[in-house]
Amino acid sequence: MSDVQEFIRDTVTQHPVVLFMKGTAQFPQCGFSGRAIQILKGCGVKKLITVNVLEDDEVRQGIKEYSNWPTIPQLYVSGEFIGGSDIMNEMNENGELKTLLDQSGATA
C-alpha cells in the first residue's frame, strides 16, 4: 500500500467524520464542497476532519482510487465511504445522514 493510501486509510478510520474537499471548512473552493460543509453543520457535526485535496495532487488522485469514486467532495463516516454532495444531500433530506452522524458520535 502506498504512503498516500495509508494516509487516507488512517485518516478515515481514526476519525468519526472525514470530508475530503476542495478548500477548507472555513473557505470551500467549490460549490459542492461548500454545500457538503453546510449539510454537515446543519446536522450538528462537531467532530469533523477536513482534508483539502487542492493542497496535494497525490491525495487528490489517491482518494478517487481509494473510494473508486471519481468526484470530490467525499464523505467518510466511521471509516465507511458515504458518497459525494448529491448523496449527502439526499441522505440529509430523508434524515438518514443525521442518524448516521449521531451514531458515529460526531454530533456529541
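Scope of the values below: all heavy atoms of this structure, side chains included, with no hydrogens, waters or symmetry mates.
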Checklist line | Flag for D57-Q61: side-chain donor and acceptor within less than 3.5 Å | finding: no

Item checked: Interatomic spacing from OG1 in T11 to CD1 in I49 - rounded to 0.5 Å -> 8.5 Å

Item checked: Nearest non-hydrogen partners of G23 and N52, listed with the distance -> N-OD1, 3.0 Å

Item checked: Inter-residue atom distance F7.CZ - D56.CG, 0.5 Å rounding -> 8.0 Å

Next item on the list: Starting from the C-alpha separation in whole Å, work towards a yes-or-no answer on side-chain contact (heavy atoms from CB on, under 4.5 Å) for L75 and L97.
Entry: CA-CA 11 Å; L75 177 66; L97 187 60; 3.9 Å; yes

Check: Around E90, counting heavy atoms of other residues, nucleotides and ligands shown, do more than 12 lie under 6.0 Å from its CD?
Finding: no

Margin query: Testing the 3.5 Å rule here: is there a donor-acceptor pair between the side chains of T107 and D102?
Written below: yes

Notebook entry, point to check: Taking all atoms of both residues into account, what is the closest heavy-atom pair of I8 and G62, and its distance?
Noted result: CD1-C, 3.5 Å

Margin query: If we ignore hydrogens and angles and just use 3.5 Å, is the side chain of Q74 paired with the main-chain N or O of S67 as donor and acceptor?
Written below: no

Notebook entry, point to check: CG of N68: more than 12 outside heavy atoms within 6.0 angstrom?
Noted result: no

Margin query: Using a 3.5 Å distance criterion without hydrogens, assess whether the side chain of K98 forms a donor-acceptor pair with backbone atoms of C43.
Written below: yes

Item checked: Verdict with reasoning, V51 to L19, per side-chain contact (heavy atoms from CB on, under 4.5 Å) -> CA-CA 6 Å; V51 178; L19 182 67; over 6 Å; no

Note to self: On a heavy-atom basis, which atom in K47 and which in V17 lie closest, and how many Å separate them?
What the structure shows: O-CB, 3.6 Å

Next item on the list: Decide yes or no for N89 and D86: does some side-chain heavy atom of the first lie under 4.5 Å from some side-chain heavy atom of the second?
Entry: no

Check: Would L100 and E96 satisfy side-chain contact (heavy atoms from CB on, under 4.5 Å), going step by step from the backbone distance to the final call?
Finding: CA-CA 6 Å; L100 184 65; E96 284 180 84; over 6 Å; no

Check: Should I37 and M21 be marked as a side-chain contact (heavy atoms from CB on, under 4.5 Å) after you check the CA-CA gap, both sets of side-chain angles, and the distance that decides it?
Finding: CA-CA 9 Å; I37 290 295; M21 63 181 289; 3.8 Å; yes

Item checked: Euclidean distance, S2 OG relative to E58 CD, rounded to 0.5 Å -> 7.5 Å

Notebook entry, point to check: Measuring from S33:OG to K22:NZ, what's the distance to the nearest 0.5 Å?
Noted result: 7.0 Å

Note to self: Please determine whether the number of non-hydrogen atoms from other residues, nucleotides or ligands lying under 6.0 Å from atom CD of Q29 exceeds 12.
What the structure shows: yes

Notebook entry, point to check: Within a strict 4.5 Å, meaning less than it, do heavy atoms of the Y66 and V12 side chains meet?
Noted result: yes

Checklist line | Taking every non-hydrogen atom, the tightest pair across W69 and G84 | finding: NE1-N, 4.0 Å

Margin query: What's the separation between atom CZ in F81 and atom CD1 in I63, rounded to the nearest 0.5 Å?
Written below: 8.0 Å

Margin query: So, taking the atom named CG in N92 and the one named CZ in R35, what distance separates them when rounded to the nearest 0.5 Å?
Written below: 6.5 Å

Notebook entry, point to check: Which heavy atom in F20 sits nearest to a heavy atom in I72, and how many Å separate them?
Noted result: O-CG2, 3.6 Å

